[in-house]
Amino acid sequence: MNVLEASDLKVYYHTAKGVVRAVDGVDFIVEEGTSVGLAGESGCGKTTLGLSFLKLLPENGAIESGSLVFEGDDIYSLDEKTFRENIRWSQIAMIFQGAMNALNPVFKVEDQISEAIKLHSNKKKKERLQMARDLLKKVDIDPTMGRHYPHEFSGGMRQRAMIAMALACDPKLIIADEPTTALDVIVQKQLMDLLRRLKAEMNLSLIVISHDISVLAELCDYLNIMYAGRIVEWGEIEEIFENPRHHYTHGLISTFPTVEDEEKKSRFEFIPGAPPNLLDPPLGCRFHPRCPAATEICMQEPTPEMRRISEKHYVACHHPRGDLD
Amino acid sequence: MTISTRRKRFNRLIKRAKGFWGDYKQNKKGLFGLGLLFFFVLFALFGPMLSDNHPVMDWDVGGRRVPPAWFKYLPGFQYLVPNLDPIDDVGFGDSDELSAWDIETNFEDSFTVTHSTEGYERGSGPGSILISLDSEAIEPSAANIKISKTFSWDYSNPPKRFRTNLNFKAEGVEGTSLNIRLVLVDAKRVEYVLWQRDIISDTIWSYPEYKVDSYSIKVKMIFPDGVFADPAHIIFNGTGEYEFYFMASFDNIDTESTVTTHLYVDDLNIELRGTSYGLLGTDQWGRDVYSQLAHGAKTSLFVGLLTAFISVSIGLIVGLFAGFSGGLVDEVSMRFADMLLVIPFLPLLLILIAILGQSVLNIILVISLLGWMGFSRVVRSQVLSLKERTFIEAARAAGGSTIHITIKHILPNVMGLVYVSLATNVPAAITAEASLSFLGLGDPSIMSWGQMLHDIVYYSAIKELYWVIPPGLCIALLAVSFVMMGFSLDEILNPRLRRR
Amino acid sequence: MSLKRYILKRTLYSIVLLFFALTLNFIIFRMAPGNPIQIVASGVRLKPEMVERLIELWGLNEPLHVQYIRYLKSTLTWDFGYSYNSLEPVGREIMERLPNTLLLMGVSLFFAIVFGTVFGVYAAYKRGSLFDLTTVTVSLFSYALPTFWMGLLMIYVGGYLFGMFPLAGTMSRPPPLDPIMRIFDLAWHLFLPGLTLFLFQYGGWLLMMRSTLLEALHEDYITTARAKGVAERGVLFKHAFRNAMLPLVTNIALQIPGLLNGAILTETVFSWRGLGLYTWSAIQFTDYPVLQAVFYIFALVTIVCNLIVDIVYGYIDPRIQY
Amino acid sequence: MSQTPIIRVRNLRKLFPIRGGGLSSFLTKEELFVHAVDDVSFDINTDEVLGLVGESGCGKTTLGRLLIRLLEPTSGEVYYRDTNILSLSQSEMRELRPKMQIIFQDPYESLNPRMTVLDLVAEPLEVNDLIENDAEKEEKVAEILEQMRLTPPEEFMFRYPHELSGGQRQRIAVARALIIHPDFVVADEPVSMLDTSTRGEILNLMIELKALTRSYLFITHELAVARHFCDRIAIMYLGRIMEMGTSDEIVKNPSHPYTRALLEATPVPNPKSRKEKVNIKGEVISPINPPRRCRFYTRCLMAEEICSRLEPELVDIGGGHMVACHLNQG
């Protein structure tokens, strides 16, 4: 069963300079108990997509159209109050990028966790604080640390506290937006272990958003590759890493150096150019200016549709890699 | 290549300026502020030209404490009358001016009345009237000459006040008795002798002072009510033709004498001060409020801009220096700034001005010297945070000296703050000067809005709204214009500074 | 470093500042022209031995450093000498007036903070709305209006036009005998000057409240709070407000000197028998002992307020760097 | 690759004192120091790229700054060829500046937002009086921009940093460093702020343009990047070098438990090689006055009694592979 299903989702920002099509027709599926990765360069719209699942866009942004289904129920047309009370955090929680600023500096950590519980249950204060401490324990933080303020926590601990807060209402789905960015590798590794463990223990579904596909490779079952407001490839993670069909996916994977290589490389792979400005994306396939295989069609034809490669592998490309043309 | 690149560089500059203007245009507050400022600059430049009155020196240009002329269109103010000055050339600068007067005598042949440029000593203007009496051609009995001017008073209400004037000099009077008088005749032909004098010997020019003032007790005493009388009210009791004349009567004339008697007359005048005046009325001393307001705009802008410029410059220099050198210099200058900040500004300002003397330059100097601390702290903290920025380190790594770094990297990045601070310091300086003047420590030779408000309180004129509203409103609007520009400059320039 | 040490540090610093202020105060009045004798004796011809005696009395013949030390000693023991004008002890005159000034400042500051904060928060909450626009515009004007002019208009409207409030003064003459009526009488006199001084501060306060709050609303933890399901009201009043509080508390201290300026002008306009009016009349008479004392009191008030705010800040900000 | 060292570092230390303002210093009894760099010695050879790998706060950035004297060390020596640069006066140092340059981590921060590309790139030339006139300036800038693949150069010269993408900015930063042909460049995490897709371009350019310089100190927290970019790698932990050797040695034959933990923690873009738990415990201890023992002691799973008493020295265990660990010295 699918926990979350989004189809043809469009999220636009209305700025002084024009309309930014941050998410421009995206289909997205999260199966129950799986973790789904969302990879892409900065500014491709992945954070916006994550926020739109929580209907938590900045003031100038709005979901323009599409459908959003959570556990079979339409949440797209739900009004703000009902959504806030019944879905947000109690069903779908989020772990934010840079836990540095995501915790309010003037409240104690346990109070912040307890507030999340308070908003979605009618438990007594004592009970809530106990729950908060239990949650801290669950994420390997000394429960007595709950009485401290966020600035007394290290970066890793803050991110753990953030995870504890996300778990507070026993949600079905957690969206983790760059959960390990700006953390040291060892802390990052420990956090990934924690997330994996929690996911198994609590039967969570997980959306992991990251620009670092090596993080996603460690954490996810499925992978979505996003480019300039659109999903360009989607599939089971091993399949995608083994047989990337979109040139962008291939580029992303191969640009990643690895310590496991036998030989020292003397050259690094890269994708030339820079991601397009979403105010004015290129016509045709949005990747064509950077694509090594671009042809006339890619420039002229409208954006390619998702094409089925196998049951769990789709790609949006006119000339997918490995096609016999 | 260099010429073309220079042009390119110039074009970039133009583009940046245009970009800034584009941003600024979007900002309604900023545009409103700029518009207001533009208005005040125009007002300060051209406003004083619309009125010849000196804001401080010219007293009694209208009735005292009278509302503006246009008040008569308001309900309840229909009684207001304007000034009336029946006599054009008080100084008798031109011989043609004589024809504006009616001259009557009882011995046509004996009197000659001419325009004279002689004898002019104390009277104003380039000429005077010369009345010559040829004693040989006359009988020894009374001979008199009357110089009169008829004017019409078209208002059913009397003026607030009238004044008449006269300067004269008599020569060759020895033995002759001479009586001169100033008379006002009302529409019903009732004559009021306002002033008269007997002259029995040669007289030098009389002093140029108003011989008659409807406010003076001497004139009031002519009437039955004495000191309680209002001569203007009594005389101007209806519409019609009024006559003002000067009369000289000669008696006991020595017909044997060969000496011609000369009587020089100058500044013969009557001024009717109405119950309304000009654009904005008059103050306690009958000075033109509009003129004060216009000159006040000049003062305020001058004081505001110059003070802001000086204090921002000091703040910038101290802030840059403290922030960049750090250590003891920083500590000492910032502690000094702290100290000045805890000393209450206004009392210190008052006492310093009281000590140094009430001149506008002292005011500017003292306000600037007490107004740099806040900005120097802002600059210092900006410099400190800039110092931590990598591009400063990069410049140092490239081999740049401290001077190079300060000029090329630090200064351009604090200019945004400078503009904003300039804009916000101006209203502070304007208000400070106004407060000072309001408390009676302004420059007495210069009119400022604060001075105007001071006068209002000093003469308990709070009820005279036409006088109260303009200066306060101008201070407020000018301050608002700078505050708004400061706000919008801050919005436009400083996010850029923070944005990466 | 502990909070205790932080407080100790701030206290020490305040003492140093006070010392600086005292010294500056001494220097300024040394520089001032006019011999006190001349001022006191204006109009009266004093015999040389009387002048001598006065010089001795005021200690004007001693070397500067002795004068300085005596000045420090007497100032710190609340002995400000005698007024040149009234020849009364300055300390007593100040103590008569200080409560009036503190009352005026305190009441207006209190209401400015309350109203400025409430409307500021609400304007930030309704940002972009008509309410926001009007409040901001009104505040901008009240921020820029000259205090004394506002006072004049108050007198005109409240005093003349409607005749509801007294035109000037601190109490009716003679003051009512009944203590409750006395309080009412005082409040009645306080209303207009209080309102003036309130308006003087309210605008700036509101604008700052609004902008710090809007700034706080852009922080990441606000998104977290919203994501947790906190309603917009709670986001604003709890999460953003607690953070925006910190700069506001600092600002109270920064406002004190400005408030004193406003108080002097307001007191002058309304003839409110406080230190401001006292300063003003002292300037009219070049009454140096009074001015010197008033300076000291103002600096003291400023420094003490700063210290209190620093200490409060230490308690409310968990992140403070001691 | 010649083996003559271009930079020699001997017992370098940098302690940052922790104190409040001037007034409060007399209230503080004991002196506290952050031991950012604590007794570090190594050489960088001519034409060599030395990688300096460590987690945030380990002192690697401070070390990089010390090498080109952007910071003054507490003690120790840094030799550029045969000159001890720490003994030079400010003006002598400025003469040496063109020989040693630095590329910063954050291309958004390291370029003055109010200067054009032309002025930014030419700044090192101008402040060191290496150009005569504007024409020469433009010529040289155009040349290096072209080498940086910022073509046509005329189009970039008059832009401001905010009109460029992250990758382009970092290329400007590299151009700035290389335009005066320095002997030695400290590259402080030059690609960590960039999208992975554009990193390769910068790294390739840095390799290609190595002809313009001689040696790099490449500071990074990513072992994977260091493994491919560097000839040798030094692993740093809490102000000290834990292990140093050729990049192949370090990756294939890690001898320090910390290096091993780093390697285990480094994510691999391959879902099939997911690794199990990392062999390390606890978190990094505070760098303020650390106790005299092995700095890794608190987190090491293999720690023995000696580790709590004695700070291990960096010892060659063969072939230039150096380790600072009591357990790997036999």
Side-chain angles (χ1 to χ4, degrees), chain A residues 47 50-51 53-60 80-109 111-121 147-152 158 161-162 165-166 168-169 171 174-175 177-178, chain C residues 1-3 6 117 121 123-129 131-133 209-251 312-322:
Chain A
T47 296
L51 286 174
F53 295 150
L54 267 177
K55 304 225 279 180
L56 205 67
L57 294 161
E59 261 170 84
N60 60 345
E80 163 67 21
K81 190 162 180 283
T82 332
F83 187 86
R84 189 179 72 227
E85 281 167 3
N86 301 330
I87 308 286
R88 206 177 275 161
W89 216 259
S90 56
Q91 300 290 324
I92 309 175
M94 192 152 178
I95 300 165
F96 289 96
Q97 174 177 359
M100 193 79 169
N101 302 319
L103 295 173
N104 197 325
V106 297
F107 295 113
K108 287 173 189 160
V109 170
D111 289 341
Q112 295 192 48
I113 298 174
S114 139
E115 187 191 21
I117 305 170
K118 181 186 169 190
L119 290 161
H120 301 284
S121 72
R147 250 172 272 143
H148 291 250
Y149 290 93
H151 74 280
E152 295 165 291
R158 272 181 228 168
M162 190 73 225
M165 193 148 65
C169 302
I174 290 183
I175 303 166
D177 185 6
E178 305 272 7
Chain C
M1 225 189 277
S2 65
L3 190 62
Y6 164 77
T117 307
V121 171
Y125 177 49
K126 294 259 173 198
R127 59 200 167 275
S129 70
F131 175 82
D132 184 28
L133 193 74
M209 184 74 229
R210 179 179 172 276
S211 70
T212 42
L213 208 61
L214 285 181
E215 210 163 283
L217 280 177
H218 284 292
E219 298 286 345
D220 288 347
Y221 54 78
I222 295 295
T223 318
T224 311
R226 288 207 179 105
K228 276 200 287 192
V230 181
E232 191 61 17
R233 190 176 291 269
V235 167
L236 197 85
F237 285 91
K238 190 174 170 195
H239 288 265
F241 184 70
R242 262 304 298 274
N243 281 281
M245 277 275 292
L246 303 174
L248 287 183
V249 168
T250 326
N251 202 56
V312 169
Y313 198 87
Y315 277 103
I316 61 171
D317 187 0
R319 291 162 304 177
I320 183 132
Q321 303 272 314
Y322 298 131

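In the text below, chain A, chain B and the rest are named by the order of the sequence lines, each starting its count at 1. These numbers come from the heavy atoms of this one structure, side chains and all, not from hydrogens, waters or symmetry mates.
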Part of [X] lying under 4.5 Å from any heavy atom of chain C:
| X | value |
| --- | --- |
| A/F107 | side chain |
| A/H148 | neither |
| A/A93 | neither |

Below 4.5 Å, heavy atoms only, C-beta onward: do C/N243 and A/N104 meet side chain to side chain?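 Side-chain contact under 4.5 Å: yes.
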For the residue pair C/T223 and A/M94, establish whether any side-chain heavy-atom pair is separated by less than 4.5 Å.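 In short, these two side chains do not touch, never coming nearer than 4.5 Å.
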Work out which heavy atom in [X] is nearest to a heavy atom in [Y]; give both atom names and the distance.
| X | Y | answer |
| --- | --- | --- |
| A/L119 | C/G229 | CD1-C, 4.0 Å |
| A/Q112 | C/K228 | O-NZ, 2.8 Å |
| C/A227 | A/L54 | CB-CD1, 4.2 Å |

Contacting moiety of C/A231, where chain A heavy atoms sit under 4.5 Å: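 Answer is both: backbone and side chain atoms of C/A231 are under 4.5 Å from chain A.
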Could you work out, with side-chain hydrogen bond (donor to acceptor under 3.5 Å, both in side chains) as the rule, every residue matching C/R242, not counting sequence neighbours?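 So C/R242 forms no side-chain hydrogen bond (donor to acceptor under 3.5 Å, both in side chains) with any residue.
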C/R127 CZ to A/E59 CD distance, which is reported to the nearest 0.5 Å: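 C/R127 atom CZ to A/E59 atom CD measures 4.0 Å (nearest 0.5 Å).
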Winner by heavy-atom pair count (cut-off under 4.5 Å) against chain A, out of C/H239, C/E219, C/R226: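 Of the candidates given, the most pairs with chain A belong to C/H239.
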Going by side-chain contact (heavy atoms from CB on, under 4.5 Å), name the residues that satisfy it together with A/E85, two or more places apart in sequence or in a different chain.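 Listed in chain order: A/K81.
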Residue selection (most heavy-atom pairs with chain C, distance under 4.5 Å) from A/M165, A/E80, A/K55: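 It is A/M165.
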